[in-house]
Structures are given as C-alpha cells and as structure tokens.
Amino acid sequence: MDNLGQKIKKRREELGLSQEDLAKILGYKHKSSINKIELGAADVPRAKVPAFAKALGMTAIEFSGWTEDRKTVSFSYCLEQQMKLLGWVVLYDADGNVILTHDGVEYEVTEENIKELESRVALYMDFLLNDLAKNSRKIGG
C-alpha cells in the first residue's frame with residue numbers, strides 16, 4: 001500500500017462496504033469524505049483513527065501501520081535526537097562497538113546499555129505523562 005487512503009479502500013472493499021456504508025458507520029454526512037481520504041486529498045482526522053480502525057476490523061496500531069519494529073526504531077531515533085540536543089552522541093563503528101560521546105570525551109558502552117537507557121526513558125516518560133494527565137482537566141473520552 002502506498003498510503004493510508006489506499007489501505008482504507010482495500011480493507012473497505014474486502015469487507016464489502018461501500019463508501020456510503022463506511023461514511024455512515026463513522027458519522028460522516030456524505031460519502032465524499034471517505035472518497036477524499038481514499039484518494040489522498042484529505043487526511044484521516046487524528047480523533048477518528050480509533051473509529052476507522054474499529055470500522056475496518058483493525059487495531060489502531062494496525063490501521064496506522066505502526067508495527068512494533070517501527071515504533072522501536074522511531075523511539076530510538078527520537079531519543080538519539082534529544083540526546084544530541086543535550087550534547088550526547090551515540091556512534092556505531094564498523095566493528096559493531098557502541099561509543100557514547102559528550103564534550104569531546106568518548107565512552108565505550110554496549111548495545112544493551114543503550115536499550116536499557118531507552119527502556120528507562122520510556123518508563124519515565126510514561127510516568128511523567130500520566131502525572132500530567134492526572135493534573136489536567138479531562139475534555140473527552
């Protein structure tokens with residue numbers, strides 16, 4: 001599949017649904033909204049992702065294409081970018097060694113060290129986000 005719109009169309013057709021059927025299920029007034037999404041002329045609104053996934057018999061993860069591998073790679077990349085902002089860089093040499101650098105000093109670390117760092121950051125981020133949510137006004141769901 002080249003894009004989400006094509007994926008929606010393929011799955012909708014597999015389920016034997018018309019654009020009008022899917023539009024009704026999702027609360028759209030006209031099938032033109034589904035047509036625009038399938039053609040790539042409009043995006044799926046973020047708030048509608050769970051509803052689209054459910055209507056198409058998929059999980060939100062399957063619907064969005066975020067496989068576990070892709071999520072892991074994406075999180076690792078984001079973490080490395082944040083580390084760079086703090087002056088830390090992770091390098092992988094040709095021999096498979098992992099080198100952490102900061103202020104001109106190099107530190108030999110292992111891939112396991114980096115995975116542990118990612119795991120700890122993810123747990124801490126989850127803790128902070130849950131704390132933020134608890135102290136915020138709920139507006140939906």
Side-chain angles (χ1 to χ4, degrees), residues 1-103 105-141:
M1 282 293 104
D2 292 338
N3 64 42
L4 186 57
Q6 290 174 341
K7 184 177 183 177
I8 291 168
K9 180 178 180 179
K10 181 178 185 235
R11 183 66 181 146
R12 176 183 59 75
E13 290 174 344
E14 287 171 357
L15 294 171
L17 297 171
S18 67
Q19 287 182 341
E20 189 171 347
D21 295 333
L22 187 56
K24 284 180 184 176
I25 292 168
L26 295 169
Y28 286 105
K29 292 181 181 178
H30 304 285
K31 71 177 185 175
S32 63
S33 298
I34 301 301
N35 186 50
K36 289 176 186 174
I37 290 169
E38 288 182 356
L39 292 173
D43 292 327
V44 173
R46 185 175 293 172
K48 288 256 188 201
V49 167
F52 264 90
K54 184 176 179 183
L56 296 171
M58 309 167 90
T59 66
I61 299 293
E62 291 169 329
F63 177 75
S64 64
W66 281 96
T67 63
E68 285 302 314
D69 287 344
R70 187 169 174 199
K71 285 193 298 185
T72 300
V73 168
S74 179
F75 185 79
S76 297
Y77 174 78
C78 290
L79 179 60
E80 286 184 18
Q81 296 307 305
Q82 291 299 313
M83 289 170 60
K84 283 182 183 179
L85 291 172
L86 297 171
W88 294 89
V89 178
V90 178
L91 303 170
Y92 299 88
D93 70 14
D95 297 325
N97 298 312
V98 183
I99 301 162
L100 184 64
T101 67
H102 186 262
D103 289 337
V105 181
E106 294 182 348
Y107 305 90
E108 185 178 1
V109 298
T110 65
E111 186 67 32
E112 290 77 30
N113 295 138
I114 298 299
K115 291 194 184 308
E116 177 67 19
L117 174 66
E118 290 173 356
S119 178
R120 287 180 173 191
V121 168
L123 287 171
Y124 187 59
M125 184 182 293
D126 186 54
F127 170 78
L128 291 174
L129 289 168
N130 276 300
D131 191 51
L132 178 64
K134 280 188 244 175
N135 295 309
S136 299
R137 183 174 65 91
K138 190 173 182 179
I139 58 172

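Sequential numbering from 1 along the given sequence is applied to the chain's residues.
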Take L117 and V109 through the side chain to side chain contact (heavy atoms under 4.5 Å, CB included) test and state the conclusion after the steps. CA-CA 11 Å; L117 174 66; V109 298; over 6 Å; no

Report, as yes or no, whether the 6.0 Å neighbourhood of atom CD on E108 holds more than 12 heavy atoms from other residues, nucleotides or ligands.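 No, CD of E108 has 12 or fewer neighbouring heavy atoms, counting only those of other groups under 6.0 Å.
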
Rounded to the nearest 0.5 Å, what's the gap from [atom1] on [X] to [atom2] on [Y]? Could you check?
{"X": "E116", "Y": "N113", "atom1": "CD", "atom2": "CG", "result": "8.5 Å"}
{"X": "L79", "Y": "I114", "atom1": "CG", "atom2": "CD1", "result": "8.0 Å"}
{"X": "L56", "Y": "I25", "atom1": "CG", "atom2": "CD1", "result": "8.0 Å"}
{"X": "F63", "Y": "K54", "atom1": "CZ", "atom2": "NZ", "result": "14.5 Å"}

Which heavy-atom pair separates [X] from [Y] by the least distance, and what is that distance?
{"X": "H102", "Y": "L86", "value": "NE2-O, 3.6 Å"}
{"X": "G5", "Y": "N3", "value": "N-OD1, 2.9 Å"}
{"X": "L15", "Y": "A55", "value": "CD1-O, 3.8 Å"}

Keeping the roles fixed (side chain from D131, backbone from F127), state whether a donor-acceptor pair exists under 3.5 Å.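 Side chain of D131 to backbone of F127, a donor-acceptor pair under 3.5 Å: no, none is there.
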
Check whether D126 reaches the backbone of L123 with its side chain - one donor and one acceptor, N or O, closer than 3.5 Å.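 No, the answer is negative, given that no donor and acceptor are paired below the 3.5 Å cut-off.
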
Side chains of [X] and [Y] in contact at under 4.5 Å (non-hydrogen atoms):
{"X": "Q82", "Y": "V121", "result": "no"}
{"X": "R12", "Y": "K9", "result": "yes"}
{"X": "R11", "Y": "E62", "result": "no"}

Give every residue pair that meets the side chain to side chain donor-acceptor pair (under 3.5 Å) criterion with at least one member in residues 23-33, sequence neighbours excluded.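 The answer is none; no pair qualifies.
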
N/O donor-acceptor pairs under 3.5 Å from side chains in residues 43-50, not counting sequence neighbours:
residue : atom : partner : partner atom : Å
K48     : NZ   : L26     : O            : 2.4

In terms of relative ring orientation, are Y107 and W88 parallel, tilted or perpendicular, with 30° and 60° separating the classes?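 The arrangement is tilted - the two ring planes meet at 30° to 60°.
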
Non-neighbouring partners of E111 that pass salt bridge (Lys or Arg N to Asp or Glu O under 4.0 Å), sequence neighbours left out: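 Applying salt bridge (Lys or Arg N to Asp or Glu O under 4.0 Å) to E111 gives K115.
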
E80 with K84: basic N within carboxylate O range, under 4.0 Å: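 Judged by the 4.0 Å cut-off on N to carboxylate O distance, E80 and K84 do not form a salt bridge.
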
Run through E13, E38, Q19 and flag the one making a side-chain contact (heavy atoms from CB on, under 4.5 Å) with I8.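 Filter result, single survivor: E38.
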
